[in-house]
Amino acid sequence: MTQAEENNMLPLGLDIGTSRIVLAHRDGDGVECRSELNAFTTIPYTKLTEGVLNKESVPHTVQGQEIVVYGNEAARFADLAHKETRRPMVNGMVNPSEPGGLALIRNIIQHLAGADSGAGRKMCFSVPAPVPGGEDNVKYHESALRDVLRSMGYEVMSINEGLAVVYSELEDTNYTGIGVSFGGGMCNVALAYLSVPVTSFSVPRAGDFIDASAAAATGESANRIRMLKEQSFKFDGNSPDRIQQAMSVYYDDMNRNLLQAMEQAFADARMLPKLHRPVPLVLSGGSAMPEGFRERFEQALRASDFPIELSEIRMAPDPLNSTAKGALVAALADM
Amino acid sequence: MRLEHARKPGSRRLVFSVADIQAAPRAAWAVLCPRLLTSGAISGFICSHLLEWQAGRVEDPSARLKFLRTMTQSPGARRLSASGTWRRRAGALVLIALVAAVAGSSHSGLSGANKSVQQPAPVAHRFPAQSPVPAASVWLVERTSDFELYSNGLRIERDSLTTSRPRLARALRRLPGGRFESLERPDPAGIVFHSSESEMAPFEASHAEAVKRQGAGLLSYVRNGHLYSFVIDRFGRVHRILEDSEKADHAGHSIWADSNWVYIDLNETFLGVSFEAGGENEMSRGGTLNTAQLHAGRVLTEMLRSRYRIPAENCVTHAQVSVNPSNFRIGYHTDWANNFPFEELGLGNNYEQPLPSISLFGFEYDDAYLASAGAPLRESLPRSKEEARQAAVRSGLSPTGYRTVLRGRYLQMRKALRIPTFPQQG
């Protein structure tokens, strides 16, 4: 078997997020990640347009009289057309308003992994923890994605998103600590003790909430807010820019909401294991990337009545890919 | 922000010593465990610390995760929730498995313990339990410019003493989480035994002058090249060539490891002791060390082990440590690949130790090495290779891919130790 063939049989980790889909695979001693925007937009079909897209290797499919462009290029085309991208997922789960959403997720994964990469290969994909009262939605979401991946030939398992962050970032504490993933649709939290998930939950207020709220407050499109957030937003109390100010306000709101949920979840878990030492808390996810976020979050946490003693609050070194890496670790550990 | 642990009302605090645990037959755990579990504090404390200790010895993150998941999950504890049920069930399973592992290790060494506990993957290298330093301490009685005299009868001649440069004395300490840290280790960590592989006149009265001449020539050659720390000539005299703090060019590219440290290029961390003896052909013709050399080797080893608290497992032969990084083969030098008298020097049969060059760093051996190795060393090679193969399977990599990863790690560790690139010596 050639080295390339051996590499093609290695397990994969997959983070299927509201905003992005990230694929992680082992590359020698390290991990390589590829990601695509989990979004699409439609443009009118013409043979010329299709030819240009093929020539430029823009991922797309043809559906009747429309061309559906998906992945990273979707944002660019949507911006050109002054419209919002459409999302196969919302609030961390399959979007019921987009009937073709699952098929598009499949296309994006195929684009990332390669058309023939299934064939019995092991894959671990991330799922959100349920919002209180939303357990059935998560079950459907997980089941639907499992079917999609199986149909592509993969041997699949799933992992909670917050737990994936623990597996990715907390090997030095033997996978004991708290992992928080600030995604697009949801913030996912998991407390693990020696790799065992003790408690996990999610809150539906995350990056999309900030984009939509700041957009409503400033009259901009959510897509544009998202692009500004990813490119230039940082926590700067003195910024005169109204968009920056609006985003700061809604970021603080997201943090407060999350910390409240964490206080409640950890305080309710009366029989948490005895933690003989303070545990680390790791932040990850695209919505945690703005400069100054870690300090802002820590400030909010210190002001709260957090029930668990923390040794440190730190950012994952690669926040966008942390969940996918943790899923890969889980897949490898399951071999 | 502190989590308070609440003991269940009415629970009793049970105290067991480690000796109790090790002595208890396994069947007794069926009776003991329920009582331990209700104590809460004991099972949780022991379980978590034992488990973390075991997990910390697994280097690969995925393998460590697999080990932890295996140890903490069971059919009864699959539906994990934030409840006391988790702690009691997981605690029972972990405590039974880990204590069984500890009890097993008292008989068969650490490698036995690893076998009785589900093998964490990758094991990378099974370190035997370190033997205690000899109880009798050896102390310096007298030191002059000509000799050193020690309390165990060892006399070291100093008339061949020369100087080189201080040993860099850096090694890689194993940290929790499978990481390594480059640290200084000023004291020698071990001894590499060599053969001078020199011309050997018959050891008879009629050839005394030739024997003396050859010995003097050897000392001059060794002194000029800073080749060893000590030489034991055919009359059983121990000659100091370099102070213990100075580097001898005896081991060249070499690898060894114990349970806490990894050593690369042992010139910087191990002392070199050479016996004036023939090469492989001499050995294969039945040539061995004479009684005087064996006695000298024994008392010298005893003194060095006592002074620097060197474990027996770090007293090894050149054949066990020598490697060739240009082709990732072991055995660039093969002196003492066979017939080294470990037991006569007060050591265990260190040929049985797995070779970290194979299991930790992906080196391989060839037919030439197999041909020069004696039966005990030859028998340990497939075990080292099998360890590496099993680790590869558990990592989800092919043996070739896993070896590539290990070799990359070797090169990184050389860099971390700031080892300069010298031509092959020693």
Side-chain angles (χ1 to χ4, degrees), chain A residues 1-3 5-7 9-11 26 28-31 122 166-168 170-176 191-200 263 265-279 301-302 304-310 325-326 328-335, chain B residues 1-7 40-41 44-45 47-49 51-56 58-73 77 80-88 90-91 94 121 175-179 393-398 400-401 404-409 412:
Chain A
M1 192 185 280
T2 65
Q3 189 62 50
E5 285 166 345
E6 283 184 10
N7 290 344
M9 292 311 296
L10 292 175
R26 202 141 182 181
D29 208 12
V31 175
K122 290 187 189 285
V166 171
Y167 287 176
S168 173
L170 294 181
E171 64 164 285
D172 53 351
T173 57
N174 288 322
Y175 309 106
T176 295
L191 166 66
Y193 181 63
L194 296 176
S195 85
V196 175
V198 176
T199 186
S200 60
E263 280 177 51
F266 297 147
D268 278 350
R270 282 163 295 172
M271 302 300 273
L272 283 177
K274 182 174 172 59
L275 300 170
H276 300 288
R277 60 180 81 89
V279 298
L301 187 142
R302 299 284 176 216
S304 72
D305 190 22
F306 202 74
I308 294 179
E309 194 167 6
L310 299 177
K325 284 180 181 173
L328 177 63
V329 171
L332 290 168
D334 203 55
M335 297 296 111
Chain B
M1 300 190 291
R2 184 177 292 278
L3 181 69
E4 294 296 326
H5 170 68
R7 186 182 295 170
F45 184 79
C47 283
S48 65
H49 279 259
L51 189 56
E52 291 200 57
W53 170 71
Q54 278 277 34
V58 181
E59 293 181 18
D60 184 81
S62 302
R64 183 178 318 138
L65 177 61
K66 184 168 185 172
F67 168 69
L68 285 167
R69 285 163 93 176
T70 304
M71 293 302 293
T72 56
Q73 291 178 10
L80 296 167
S81 62
S83 73
T85 305
W86 172 84
R87 191 178 60 219
R88 287 191 292 273
V94 168
L175 297 175
R179 289 175 294 119
V393 168
R394 284 187 286 268
S395 297
L397 296 173
S398 68
T400 308
T404 305
V405 169
L406 295 182
R407 290 175 183 184
R409 179 164 69 181
Q412 283 171 5

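Just so it is clear: chains get the letters A, B, ... in the order the sequence lines come, proteins before strands, and each one is counted from 1.
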For V329(A) against S62(B), the heavy-atom pair lying closest together: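 The answer is O-OG, 3.8 Å.
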Please name the pair of heavy atoms, one in A330(A) and one in R69(B), separated by the smallest distance, quoted to 0.1 Å. O-NH1, 3.6 Å
Find the distance between [atom1] ([X]) and [atom2] ([Y]) and round it off to the nearest 0.5 Å.
| X | Y | atom1 | atom2 | value |
| --- | --- | --- | --- | --- |
| S195(A) | R64(B) | OG | CZ | 11.0 Å |
| Y167(A) | L65(B) | OH | CG | 5.0 Å |
| E52(B) | T176(A) | CD | OG1 | 5.5 Å |
| L68(B) | E171(A) | CG | CD | 11.5 Å |
| N174(A) | F67(B) | CG | CZ | 9.0 Å |

side-chain contact (heavy atoms from CB on, under 4.5 Å) with V405(B): which residues, sequence neighbours excluded? D29(A), L397(B)
Taken in chain and number order and not counting sequence neighbours, the residues that satisfy side-chain contact (heavy atoms from CB on, under 4.5 Å) with L406(B) are Y402(B), R409(B)
